[in-house]
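Start at 1 with the first residue, then count along the sequence. Both ligands and their constituent atoms are indexed starting at 1 by order of listing. Values below: all heavy atoms of this structure, side chains included; hydrogens, waters and symmetry mates excluded.
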Amino acid sequence: MYAVAGASGQLGRLVLAELVARAGAAQVVALARDPAKLEGAGVGAQVLGRVADYDKPETLAPALAGVERLLLISGNAVGARVSQHKAVIDAAVAAGVKLIAYTSILHADTSTIGLAEEHRQTEALLRASGVPFVLLRNGWYNENYTGALAPAIAHGAIIGAAGEGRIASATRADYAAAAATALIGARGGEVYELAGDTAFTMAEFAAEVSRLAGKPVAYVNMTKADYAAALEGVGLPGFLAQMLADSSFESSKDQLFDASRTLSALIGRPTTPIGDTIAAALA
Ligand SMILES: NC(=O)c1ccc[n+]([C@@H]2O[C@H](COP(=O)([O-])OP(=O)(O)OC[C@H]3O[C@@H](n4cnc5c(N)ncnc54)[C@H](OP(=O)(O)O)[C@@H]3O)[C@@H](O)[C@H]2O)c1
């Protein structure tokens with residue numbers, strides 16, 4: 001039995017669909033803190049849904065009963081995630097789970113991105129757990145860059161602090177296919193550095209947006225502090241603005257770049273180019 005923790009999220013839903021297609025719904029359990037959110041996940045009512053809240057350890061033991069292979073999708077409560085992930089890993093050990101796959105960050109062991117620290121600590125917890133594990137060290141999603149194209153096109157500018165850094169992103173669907181493949185086929189001990197086949201700089205990204213939108217759009221590079229202030233200026237909470245500015249600035253040092261093509265090798269097809277994701281967002 002395969003279980004996906006974080007199944008109600010954007011990545012989790014895609015992984016569920018992949019698992020159902022490959023293993024059959026009877027082999028799949030969807031774990032979510034609010035299973036009502038699983039409705040509309042596109043996998044049909046035949047998938048078993050169970051309550052599993054990373055903040056409520058008492059929900060985790062029953063959720064993991066009978067589960068052999070668990071995908072732990074990292075939570076989104078930045079700052080609280082190490083204790084949350086520890087609760088899930090502890091429960092998996094107690095439940096006799098035979099393999100845990102975890103969605104980490106690209107090059108977690110060396111990454112200078114602030115968000116990497118919680119992933120490093122979670123990876124250490126997995127190593128200490130004694131349970132065979134697989135690290136899905138995901139690069140950035142293409143969709144991170146296409147969520148706010150309309151105002152960028154209206155202003156003719158995309159801002160960031162990424163300089164000339166190369167970004168090898170891929171779609172959530174690409175990473176979801178990799179997660180399902182690994183969950184089904186991994187033996188334990190695999191560390192996958194997952195990134196897009198092709199990379200772009202933010203100037204190249206802006207040029208592609210411009211070409212596809214038919215309007216002039218330029219990339220405007222800022223200091224990390226100015227970019228954080230600009231994000232706060234458009235209404236983002238301070239901590240989120242700082243986090244996004246940090247990730248953008250660190251990407252100027254190629255922290256979101258990887259040329260190994262491990263992701264396309266794992267999923268058996270090329271990753272989705274950023275131009276396709278831009279086109280889909282503009283459609
Ligand atoms: N690689 C990247 O570019 C990138 C970008 C953003 C995030 N991430 C990381 O990758 C993860 C998956 O990405 P995503 O796009 O699917 O994010 P998402 O849509 O925000 O999904 C996050 C999932 O975590 C669940 N979750 C949060 N706190 C939980 C808790 N206490 N107990 C149980 N479940 C909890 C959410 O449940 P609810 O549905 O109940 O909220 C949701 O299912 C994120 O959580 C984050 O760690 C990666």
Without hydrogens or angle criteria, can the side chains of [X] and [Y] be said to hold a donor-acceptor pair below 3.5 Å?
| X | Y | result |
| --- | --- | --- |
| R22 | T181 | yes |
| E250 | T112 | yes |
| E123 | S104 | yes |
| T277 | T146 | no |
| N142 | T171 | no |

Counting non-hydrogen protein atoms only, what is the nearest one to [atom]? Give residue, atom name and distance.
| atom | value |
| --- | --- |
| atom 16 (O) of ligand 1 | L11 N, 2.7 Å |
| atom 32 (N) of ligand 1 | Y54 N, 2.8 Å |
| atom 9 (C) of ligand 1 | S74 OG, 3.7 Å |
| atom 31 (N) of ligand 1 | D53 OD1, 3.1 Å |
| atom 15 (O) of ligand 1 | R172 NE, 2.8 Å |
| atom 39 (O) of ligand 1 | S8 OG, 2.6 Å |
| atom 17 (O) of ligand 1 | Q10 NE2, 4.2 Å |
| atom 6 (C) of ligand 1 | Y141 CE1, 3.9 Å |

Give the atom numbers and elements of ligand 1 that come within less than 4.0 Å of a heavy atom of [X].
| X | answer |
| --- | --- |
| K37 | 38 (P), 39 (O), 40 (O), 41 (O) |
| Q84 | 31 (N) |
| G9 | 16 (O), 19 (O), 21 (O), 42 (C), 43 (O) |
| G6 | 43 (O) |
| I73 | 11 (C), 12 (C) |
| A52 | 32 (N), 33 (C) |

Candidate with minimal heavy-atom separation from atom 20 (O) of ligand 1, of T59, D55, L256, N76
N76
N/O of [X] under 3.5 Å from N/O of ligand 1, yes or no?
| X | answer |
| --- | --- |
| G12 | no |
| G139 | yes |
| N144 | yes |

Looking at R261, is its backbone amide N or carbonyl O close enough to the side chain of D197 to form a donor-acceptor pair, meaning the two atoms are under 3.5 Å apart?
no
Say whether, by atom type as modelled, one donor and one acceptor occur between the side chain of Y54 and the main chain of A5 under 3.5 angstrom.
yes
Report yes or no: does T103 have a heavy atom closer than 4.0 Å to ligand 1?
no
Decide whether the shortest distance between a heavy atom of R81 and an atom of ligand 1 is less than 4.0 Å.
yes
Are the ring centres of Y102 and F133 closer than 6.0 Å?
no
Could you walk me through whether K224 and D246 satisfy the salt bridge (charged side-chain N to carboxylate O under 4.0 Å, His left out) test, starting with their C-alpha distance in whole Å, then the side-chain angles of each, then the deciding distance to 0.1 Å, before giving a yes or no?
CA-CA 7 Å; K224 183 171 153 181; D246 173 73; 3.5 Å; yes
If hydrophobic clusters are built by linking Ile, Leu, Val, Met, Phe, Trp and Tyr wherever their side-chain heavy atoms come under 4.5 Å apart, do M243 and I167 end up in the same one?
yes
Is there a path of hydrophobic side-chain contacts, each under 4.5 Å between heavy atoms of I/L/V/M/F/W/Y residues, joining I105 to Y192?
no
Apply side-chain contact (heavy atoms from CB on, under 4.5 Å) to the pair S169 and I274, showing each step before the final yes or no.
CA-CA 7 Å; S169 61; I274 190 70; 4.2 Å; yes
